[in-house]
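Below: one structure, written as structure tokens.
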Number of protein chains: 2
Amino acid sequence: MKTIDKALKLLSYFTVIQPEIGLSELARMSNYDKAATRRFLVALQNHQFIEQNEDTRAYRLGIGFLIFAKIREATTPLESIIQSSLVRLMEVTNETAHASLMTNQNLSTIGISFPNRGMQAHLELGDVLPLHSTASGIAFQAFSNNSNINNPTHKSYIKGLKTDSTTLEDTRRRCYAVSTGIYCSETTGIAVPYFDATATPMGAIAVATPNSRLTEKMYETFSTALIRESKKITSSIGGQMPQSFILTNPVP
Amino acid sequence: MKTIDKALKLLSYFTVIQPEIGLSELARMSNYDKAATRRFLVALQNHQFIEQNEDTRAYRLGIGFLIFAKIREATTPLESIIQSSLVRLMEVTNETAHASLMTNQNLSTIGISFPNRGMQAHLELGDVLPLHSTASGIAFQAFSNNSNINNPTHKSYIKGLKTDSTTLEDTRRRCYAVSTGIYCSETTGIAVPYFDATATPMGAIAVATPNSRLTEKMYETFSTALIRESKKITSSIGGQMPQSFILTNPVP
DNA sequence: TTTATTGGTTCATTATTAACACCAATGGTG
DNA sequence: CACCATTGGTGTTAATAATGAACCAATAAA
């Protein structure tokens with residue numbers, strides 16, 4: 001279904017940074033023919049997934065996403081539960097808190113909460129986190145039993161880069177993952193997964209801190225907060241923490 | 001772009017009432033070939049707009065909608081502003097409050113807040129409100145200068161059914177629209193539009209009440225609350241109330 | 001055991017999309 | 001002002017992609 005694929009791929013060019021894109025520009029970005037780009041946009045517009053700015057004629061994401069997001073959230077809530085955890089994490093840590101979800105072999109960013117300060121770690125909604133090189137990815141791997149995940153042919157790996165087994169063992173022992181300066185050279189991430197009904201990781205929540213203000217003490221306070229929120233999220237969505245997690249982190 | 005059209009049409013079968021649909025069932029509902037239906041679903045799944053229940057193999061809306069809804073809401077907020085108004089309206093009136101938005105010549109329901117009581121007016125997210133036969137549609141028309149809107153060839157009309165001019169004049173004079181037992185024979189809607197920067201209606205907010213408990217007094221309290229919230233929404237999204245509205249409803 | 005479902009796949013036929021070349025309009029620039 | 005570059009948008013035919021009947025395998029009911 002190449003046609004659908006191409007049309008939907010266009011949507012990914014619309015971001016928080018660049019929410020409106022003109023026809024020619026979008027054609028250039030996507031390497032599609034201009035006529036084709038327009039046909040795609042019109043088709044998407046017919047279903048309210050694209051809107052056109054009447055003044056500038058530029059295109060932007062449409063209202064359709066709100067409607068379907070609401071329907072999904074009404075039937076399988078997730079986003080709303082996670083978002084409240086992120087806000088608490090951001091308040092406790094005064095750093096960027098973010099959450100990701102594994103769908104379609106991608107660990108995608110589904111929520112962020114930024115602190116109000118001059119310098120902070122930054123990422124965007126929808127950003128895909130590589131499994132081997134982010135705290136979230138490592139946390140996810142460490143608690144996954146799925147052999148596909150712990151296998152460098154998995155889509156989320158950047159061409160066979162694999163997390164070494166020592167790191168994964170450390171993560172399992174501590175119950176949180178740490179990654180410094182790999183995804184972004186000036187920040188450190190601390191992450192904990194959240195789980196479904198079979199104690200399988202669904203995604204991860206994380207706090208990202210600029211290295212310059214990271215202290216030893218933060219590892220403990222941040223990871224404690226993350227583990228607390230992971231338990232909240234997991235129980236809210238009807239999930240279960242894995243055994244290893246419960247043993248090393250008994251209910252206070 | 002028929003292929004895209006067909007694929008996206010599939011999404012509309014997923015509702016709050018029926019959030020998961022099996023392959024054969026969806027093929028039947030859409031009158032598509034089963035093979036085609038599956039190809040569409042897989043293509044949508046590749047972009048996270050569809051997910052599959054691993055146990056039942058049924059399909060449901062995917063996480064992609066959350067991500068794009070978040071991007072849209074981050075850049076052109078609307079839903080979040082309106083939702084808080086709906087909750088206030090529901091609390092004040094103790095009846096169903098809902099909001100609609102005109103996109104692509106459809107007045108689509110983008111938010112609802114239900115009261116917690118035994119009987120209440122009901123509608124669904126995404127429901128399209130006919131312009132001629134709903135309080136929201138009449139409110140929208142009455143304040144629209146767009147000649148396309150006040151024209152029964154417009155998509156939102158059910159085959160040429162037109163609101164009579166007396167009703168529209170009454171609506172303009174009172175600044176709110178009323179519709180009893182047309183959309184649903186046992187309920188009455190009271191609606192007020194909200195406006196963009198050019199004082200053009202973008203959509204409407206409304207309260208729907210079962211006729212059996214509707215009293216004369218409610219018209220005033222409900223419309224007062226609606227007008228208050230419409231002003232809030234309009235100003236929050238950088239819009240402007242039309243002149244006629246300001247004259248008959250001076251700031252208290 | 002038989003029958004009727006289900007989800008999923010295959011491949012020759014058929015309909016759709018690609019992209020070039022083209023407008024008309026807008027906005028700098030010398 | 002004329003000129004050039006760019007914009008959004010539109011027809012037309014060669015090349016490509018989608019269609020759908022027939023087909024599995026598996027499950028469930030009769």
Side-chain angles (χ1 to χ4, degrees), chain A residues 1-15 17-62 75-76 103-105 146 148 155 198, chain B residues 1-15 17-62 75-76 103-105 146 148 155 198:
Chain A
M1 239 52 185
K2 288 195 175 175
T3 311
I4 298 167
D5 234 67
K6 288 183 180 176
L8 298 183
K9 198 161 180 296
L10 278 185
L11 296 170
S12 64
Y13 294 99
F14 296 88
T15 63
I17 302 293
Q18 189 177 18
E20 292 204 347
I21 311 177
L23 175 60
S24 297
E25 194 179 358
L26 187 56
R28 236 180 288 114
M29 290 165 88
S30 57
N31 287 317
Y32 295 166
D33 185 88
K34 199 171 52 163
T37 306
R38 178 140 206 288
R39 281 194 300 266
F40 290 142
L41 286 169
V42 170
L44 291 166
Q45 192 173 28
N46 287 336
H47 292 266
Q48 319 204 350
F49 293 128
I50 284 290
E51 282 174 11
Q52 192 170 23
N53 184 320
E54 291 296 332
D55 300 326
T56 65
R57 312 238 105 198
Y59 296 89
R60 63 163 176 257
L61 295 176
T75 51
T76 43
T103 21
N104 196 38
Q105 302 202 323
N146 184 338
N148 285 333
K155 217 173 163 187
T198 64
Chain B
M1 243 47 189
K2 288 193 177 175
T3 311
I4 299 168
D5 234 66
K6 287 184 182 175
L8 298 183
K9 197 160 182 297
L10 279 185
L11 295 170
S12 65
Y13 293 99
F14 296 88
T15 64
I17 302 293
Q18 190 176 17
E20 293 204 346
I21 311 178
L23 175 60
S24 296
E25 193 179 358
L26 186 56
R28 236 181 288 114
M29 289 165 88
S30 57
N31 286 320
Y32 295 165
D33 184 89
K34 199 172 53 164
T37 305
R38 176 138 207 289
R39 283 193 297 264
F40 291 143
L41 286 169
V42 169
L44 291 165
Q45 192 174 29
N46 287 336
H47 292 265
Q48 319 203 349
F49 292 127
I50 283 290
E51 283 174 11
Q52 192 170 25
N53 184 322
E54 291 295 334
D55 298 327
T56 65
R57 312 239 104 196
Y59 296 89
R60 61 164 176 254
L61 296 176
T75 52
T76 43
T103 22
N104 196 38
Q105 302 201 325
N146 184 337
N148 285 332
K155 216 173 164 187
T198 64

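Quick note on labels: first sequence line is chain A, next is B, and so on, each numbered from 1.
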For this session: Could you tell me which residues satisfy side chain to side chain contact (heavy atoms under 4.5 Å, CB included) with Ser12(A), sequence neighbours excluded, listed by chain and number?
Result: Lys9(A)
Problem set entry | Listed partners of Lys2(A) passing side-chain hydrogen bond (donor to acceptor under 3.5 Å, both in side chains), at least two apart | none
For this session: Identify, with sequence neighbours excluded, every residue that meets side-chain hydrogen bond (donor to acceptor under 3.5 Å, both in side chains) alongside Arg60(A).
Result: Glu20(A), Glu51(A)
Exercise. Can you check the Met29(A) CE to dT7(D) P distance for me, whole Å?
Worked result: 13 Å
Problem set entry | Inter-end axis angle, the helix from dT1(C)-dA30(D) to dG30(C)-dC1(D), with every axis fitted to five base pairs (rounded, 10 degrees) | 30°
For this session: Identify the two heavy atoms, one from Leu10(A) and one from Thr37(A), that lie closest to each other, and give their separation to 0.1 Å.
Result: CD1-O, 4.1 Å
Strictly under 3.5 Å: I want the nitrogen or oxygen pairs between protein and nucleotides 12-17 of chain C, one per line.
unit_1	atom_1	unit_2	atom_2	d
dT16(C)	OP1	Lys2(B)	NZ	3.1
dT17(C)	OP1	Lys2(B)	N	3.3
dT17(C)	OP1	Thr3(B)	N	3.4
dT17(C)	OP1	Thr3(B)	OG1	3.2

Problem set entry | Residue pairs, two or more places apart or on separate chains, that pass ring pair (Phe, Tyr, Trp, His ring centres under 6.0 Å) and touch residues 18-39 of chain A | Tyr32(A)-Phe40(A)
For this session: With sequence neighbours excluded, tell me which residues meet side chain to side chain contact (heavy atoms under 4.5 Å, CB included) with Asp33(B).
Result: Ala35(B), Ala36(B)
All N/O pairs under 3.5 Å across the protein-nucleotides 6-8 of chain C interface:
unit_1	atom_1	unit_2	atom_2	d
dT6(C)	OP1	Arg28(B)	NH2	2.6
dG7(C)	OP1	Leu23(B)	N	2.8
dG7(C)	OP2	Ser24(B)	N	2.6
dG7(C)	OP2	Ser24(B)	OG	2.4
dG7(C)	N7	Lys34(B)	NZ	3.3
dG7(C)	O6	Lys34(B)	NZ	3.3
dG8(C)	OP1	Gln52(B)	NE2	3.2
dG8(C)	OP1	Arg57(B)	NH1	2.8
dG8(C)	OP2	Arg38(B)	NE	3.4
dG8(C)	OP2	Tyr59(B)	OH	2.6
dG8(C)	O5'	Arg38(B)	NE	3.4
dG8(C)	O6	Lys34(B)	NZ	2.7

Exercise. With Arg39(B), which residues qualify under side-chain hydrogen bond (donor to acceptor under 3.5 Å, both in side chains), at least two apart?
Worked result: none
Exercise. With the sugar-phosphate defined as primed atoms, P, OP1 and OP2, and the base as all remaining atoms, what B/S/- string results for nucleotides 25-30 of chain D, 5' to 3', for protein heavy atoms under 4.0 Å?
Worked result: ------
For this session: Name all residues meeting the side chain to side chain contact (heavy atoms under 4.5 Å, CB included) criterion together with Gln18(B); count only those two or more places apart in sequence or in a different chain, and write none if there are none.
Result: Thr15(B), Ile21(B), Glu25(B), Met29(B)
Problem set entry | d(CG, Asp33(A); P, dT10(D)) in whole Å | 14 Å
